[in-house]
Amino acid sequence: MFNLKNNTELKKAFYIGGLCFVSYLGVYFLRNILSTISPQMINEGRITNDQIGSLSSLFFITYAIGQLINGVIGDKIKAKYMLSIGLVFAGISNYLFMEFFESHWFLAYVIYGLSGFFLSMIYGPMTKVVAENVTPIYAVRCSVGYSFASFLGSPFAGIAAILFIWQGVFIFGSAFSIILGILCFIMLSIFENKKMVSFKKFDKPKQKGGNVGVLLKRQIIKFTVVSVLTGIVRTTVVFWLPTYLSQYLKFSADTSAMIFTISTLVISASAFVSIFIYEKLGHNMDLTLLLSFIVSAVAFLLMFLLKQPLPNIVLMMIGIFGANCAASMLWSKYCPSLYDTGMVSSATGFLDFMSYMAASVSSKLFVNAVEDIGWGGLILVWCGLMVLGVLISLPFRKMINRSKV
C-alpha cells in the first residue's frame, strides 16, 4: 500500500491527476452526447443520419484545428486559463445548440462547431501540466487516469441517455461542464499558491532542425500515423456505434443506448490494460503497439464473418479495445515523454489535430460507405486500417540497424 500522506510527489500526482481526470471526463461526456442520443432523435424525426454525419464532421474539424492552435497557445499560457475558458464556453455552446438546432439550423451548426473548438483547449495544456510538474513514473499514471476518463465519457453519456430524454442530457452536460470549468480555475490557482504547479517556458532547441528536428528524432512521424488510425476507431467508430447497433443489429434505441453504455464501459479498461501489457513486455512500446493492432484487426475480421448479435458485439468491443490500447500508448506514454523538449502541449495538440482531422473525414465517409458498401463492407475497412497499424508498428528502425551490422 502506498502512503499518500508522507509521499509528497505521489500526493501532488494524486491531486493534479484527479483534477485532470474529472476535467477530461467532462470533455468526453459533452462530446459523446450527440452520439448517444442520436437513435432517440432519429426515431422522433428530429434529425437524420446525414445531419448527424455533418455535425460530427464539423465538430471533429473544429476540434482538430483547435488542438493545433490551442496546443501551441498552451505552451505559452497557463493551463488554468485554458481549461476554465474551454469548459465553461463549451458548456454554454452545448446548451445553445440544443436551443437552436430545430429553429435556426445554420446557427446551430456554427455553435456546435464552436463547442469543438472550446473543448480542444483542454488536452494539450493539461498534458503539459502533468508532464512538467509530476515525476515521470507518476506522470504516466496520471495520463492513464485521464485516458481512462476519456473512454469513460462514452458510458457516462450513455447512462444519461437512459435516464433523461435527449433535452435533459444536453442540459445536464452543459451544467456539468460549466461547473468543472469554474472548479479547474479555483483548484489550479490553489495548486499554484501551494507551489504544486508551476508554468515552465523553454528556450528553442539550438540543434540542427530546431523543434522539427527534435520531434523527428522522437519518431513523431510514426506516432502521427498511429494517431490517425486510432483516432478513426476511438472517435468515429465509437461515435457511430449506437447507430450501428440500431440499424445493423436491429436493436431498439433504448437497448442500443444500454449496449453502448456497457460496451464502452468495458472498453474504458483498455487505458489500464495497455500500460500493464507495456510493463509486462519490458517497456517495449513497439511490441505493445504491434500486439494491440493485431488483436484489433483480427477482431474486426471475425466481426465481419460472425453476424449474430452477441458474438458480433463482443468482437466489436475487442476490436475497439485493441485500437484503444494502441491509442493509450500514444497519449499516456509517448506524449508525456516529451517533457524535456518544452513542446508537450504543441506536440500533443498536433497529434490530436491529425487524429481528429482523420475522424472528421472518416465520419462523413462512413455515412456514404454505409449506403454504398453496407455496414459489412465498412467493418472490413476498419479491419484494413488496423492492418496498416500492424505494419507501422513493426520496429523498422531496429531492423535497419541490424541489417547494417
Side-chain angles (χ1 to χ4, degrees), residues 16-17 19-20 23-24 27 60-87 89-90 116-134 136 139-140 142-144 146-147 150 184 188 192 197-231 234-235 285 327-360:
I16 296 174
L19 182 63
C20 291
S23 301
Y24 215 43
V27 170
F60 294 147
I61 288 172
T62 57
Y63 189 85
I65 294 172
Q67 287 289 355
L68 196 61
I69 296 170
N70 292 317
V72 175
I73 296 174
D75 279 326
K76 304 179 185 301
I77 295 178
K78 289 183 177 182
K80 69 178 181 181
Y81 300 118
M82 300 292 286
L83 269 64
S84 58
I85 291 173
L87 286 167
F89 280 91
F117 183 84
F118 289 129
L119 288 176
S120 72
M121 298 176 71
I122 313 303
Y123 190 66
M126 185 171 69
T127 302
K128 177 181 173 68
V129 167
V130 170
E132 294 179 359
N133 292 280
V134 179
V140 172
C142 288
S143 299
V144 170
Y146 56 75
S147 291
S150 70
C184 279
L188 285 172
E192 285 180 0
V197 167
S198 61
F199 181 72
K200 297 180 176 65
K201 289 186 177 181
F202 290 77
D203 295 328
K204 290 186 177 180
K206 297 179 181 179
Q207 68 184 69
K208 185 178 179 180
N211 292 344
V212 175
V214 171
L215 293 177
L216 287 175
K217 290 185 70 174
R218 297 293 187 93
Q219 295 185 284
I220 189 69
I221 294 177
K222 171 180 177 175
F223 284 97
T224 297
V225 178
V226 172
S227 174
V228 167
L229 296 175
T230 58
R234 75 188 180 97
T235 303
M285 192 179 299
S328 292
M329 281 290 96
L330 170 64
W331 306 116
S332 299
K333 182 60 184 175
Y334 177 73
C335 288
S337 74
L338 301 174
Y339 68 92
D340 58 334
T341 68
M343 294 180 285
V344 172
S345 182
S346 300
T348 302
F350 168 74
L351 291 169
D352 233 3
F353 164 77
M354 294 302 296
S355 174
Y356 284 99
M357 283 303 293
S360 172

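Values below: all heavy atoms of this structure, side chains included; hydrogens, waters and symmetry mates excluded. Computed from a prediction, not measured in an experiment: that's the story for all the values here.
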Once rounded to the nearest 0.5 Å, what's the spacing between atom [atom1] of [X] and atom [atom2] of [Y]?
{"X": "Q67", "Y": "L119", "atom1": "CD", "atom2": "CG", "result": "9.5 Å"}
{"X": "M285", "Y": "K333", "atom1": "CE", "atom2": "NZ", "result": "6.0 Å"}
{"X": "M354", "Y": "L229", "atom1": "CE", "atom2": "CG", "result": "10.5 Å"}
{"X": "S84", "Y": "M121", "atom1": "OG", "atom2": "CE", "result": "8.0 Å"}
{"X": "K128", "Y": "I77", "atom1": "NZ", "atom2": "CD1", "result": "11.5 Å"}
{"X": "C20", "Y": "Y123", "atom1": "SG", "atom2": "OH", "result": "10.0 Å"}

Would you call the rings of Y334 and F223 parallel, tilted or perpendicular, taking 30° and 60° as the class edges? parallel
Can you see which heavy atom on [X] is nearest to which on [Y], and at what distance?
{"X": "G231", "Y": "S355", "result": "CA-OG, 3.1 Å"}
{"X": "P125", "Y": "G74", "result": "CG-CA, 3.9 Å"}
{"X": "N70", "Y": "M82", "result": "O-CE, 3.6 Å"}
{"X": "V226", "Y": "T230", "result": "O-OG1, 2.7 Å"}
{"X": "F353", "Y": "A64", "result": "CD1-O, 2.9 Å"}
{"X": "S346", "Y": "V72", "result": "OG-CA, 3.6 Å"}

[X] versus [Y]: any side-chain heavy-atom pair under 4.5 Å?
{"X": "Y81", "Y": "L188", "result": "no"}
{"X": "C335", "Y": "L351", "result": "yes"}
{"X": "L19", "Y": "C184", "result": "yes"}
{"X": "T127", "Y": "W331", "result": "no"}
{"X": "D352", "Y": "Y63", "result": "yes"}
{"X": "T62", "Y": "F118", "result": "no"}

More than 12 heavy atoms of other groups within 6.0 Å of F89 CZ: no
